[in-house]
Amino acid sequence: MTNRNKIYEGKAKIVWATEKPEEVAQQFKDDATAFDGKKKGQIARKGVRNARISAILFKLLEENGIATQLVDQIFDDTLLCKKLVMYPVEVVVRNYAAGSICKRLGFEEGARLKEPLLEFFLKDDSLGDPMVAEAHIRELDLVGREELAEVKRLVLEINAILSKFFADRGVMLVDFKLEFGKDGDGNIVLGDEISPDTCRFWDASTKKKLDKDRFRRDLGDVEEAYAEMLKRVEK
Ligand code: UDP
């Protein structure tokens with residue numbers, strides 16, 4: 001893989017073209033950013049750990065009937081993926097209050113929500129990825145009406161599968177972010193990644209944070225948290 005076939009470089013991943021037009025390779029980086037890129041750093045071995053964690057979780061979801069982008073893990077830090085046309089919307093699912101919902105609405109951190117709470121964010125760096133309501137999604141034609149209903153159904157199913165998987169490993173799935181796209185056949189497919197970069201994981205007994213919040217808030221033990229989550233996921 002040379003610079004010639006680099007399609008896109010983001011904050012945490014590089015997307016490479018492959019010999020097959022319908023597949024891309026996603027390389028996970030050690031680079032970490034927070035607060036809209038204002039905080040930058042590196043987390044040693046994050047790339048390989050997140051690639052492995054994401055591969056295991058996507059495989060788990062596939063086994064449970066959820067279509068994902070994952071084809072295969074081809075290097076320690078690289079996943080071969082089906083190429084998708086991504087929706088310009090991120091979906092956040094919250095089981096417990098943490099992060100921006102506490103700042104926005106005054107929830108106490110760790111409060112159990114009555115039911116999984118879905119939020120949508122427009123993927124637009126120049127606008128600062130604002131939260132959007134379903135009315136905005138319809139007005140801006142970001143996701144079709146029926147497609148949005150399907151995305152919501154998938155998100156709740158994924159949350160149920162992952163919440164159980166992590167509960168069995170002594171981890172609370174506090175919240176996480178998902179991205180979807182469409183494949184060449186028009187199927188709605190889960191894309192991007194599921195990792196400690198995109199989820200909040202708390203140890204169920206100690207409530208210790210085992211995710212990117214350790215980097216965001218300078219809590220220390222950052223690499224150890226990623227290593228611990230890989231260990232739990234591999235169990
Ligand atoms: N998240 C993400 N990418 C983003 C924004 C959020 O993966 O661009 C994840 C984040 O790791 C957390 C969940 O989505 O698990 C909810 O994030 P929140 O809205 O609380 O924002 P934060 O305060 O983390 O920026």
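Whatever order the structure lists ligands and atoms in, that order sets their numbers, starting from 1. Throughout, residue positions are numbered sequentially from 1 according to the sequence presented.
For the pair Lys39 and Phe215, the cation-pi criterion (under 6.0 Å, within 45° of the ring axis) is fulfilled. For the pair Arg49 and Tyr226, the cation-pi test (distance below 6.0 Å, angle within 45°) is failed. A cation-pi arrangement, defined by a distance under 6.0 Å to the six-membered ring centre and an angle within 45 degrees of its axis, is present between Arg169 and Phe165.
Using a heavy-atom distance under 4.0 Å as the criterion, the protein contacts of ligand 1 are Glu90, Val92, Arg94, Ala98, Gly99, Ser100, Asp175, Phe176, Lys177, Asp197, Thr198, Cys199, Arg200, Arg216.
The salt bridge (Lys or Arg N to Asp or Glu O under 4.0 Å) pairs that include a residue from residues 28-38 are Glu9-Lys29, Lys29-Asp31, where partners are two or more places apart or lie in different chains. Sorted by first and then second residue, the ring pair (Phe, Tyr, Trp, His ring centres under 6.0 Å) pairs with a member in residues 104-130 form an empty list; sequence neighbours excluded. Annotation: salt bridge (Lys or Arg N to Asp or Glu O under 4.0 Å) contacts involving residues 72-82, sequence neighbours excluded, comprise Lys82-Asp183.
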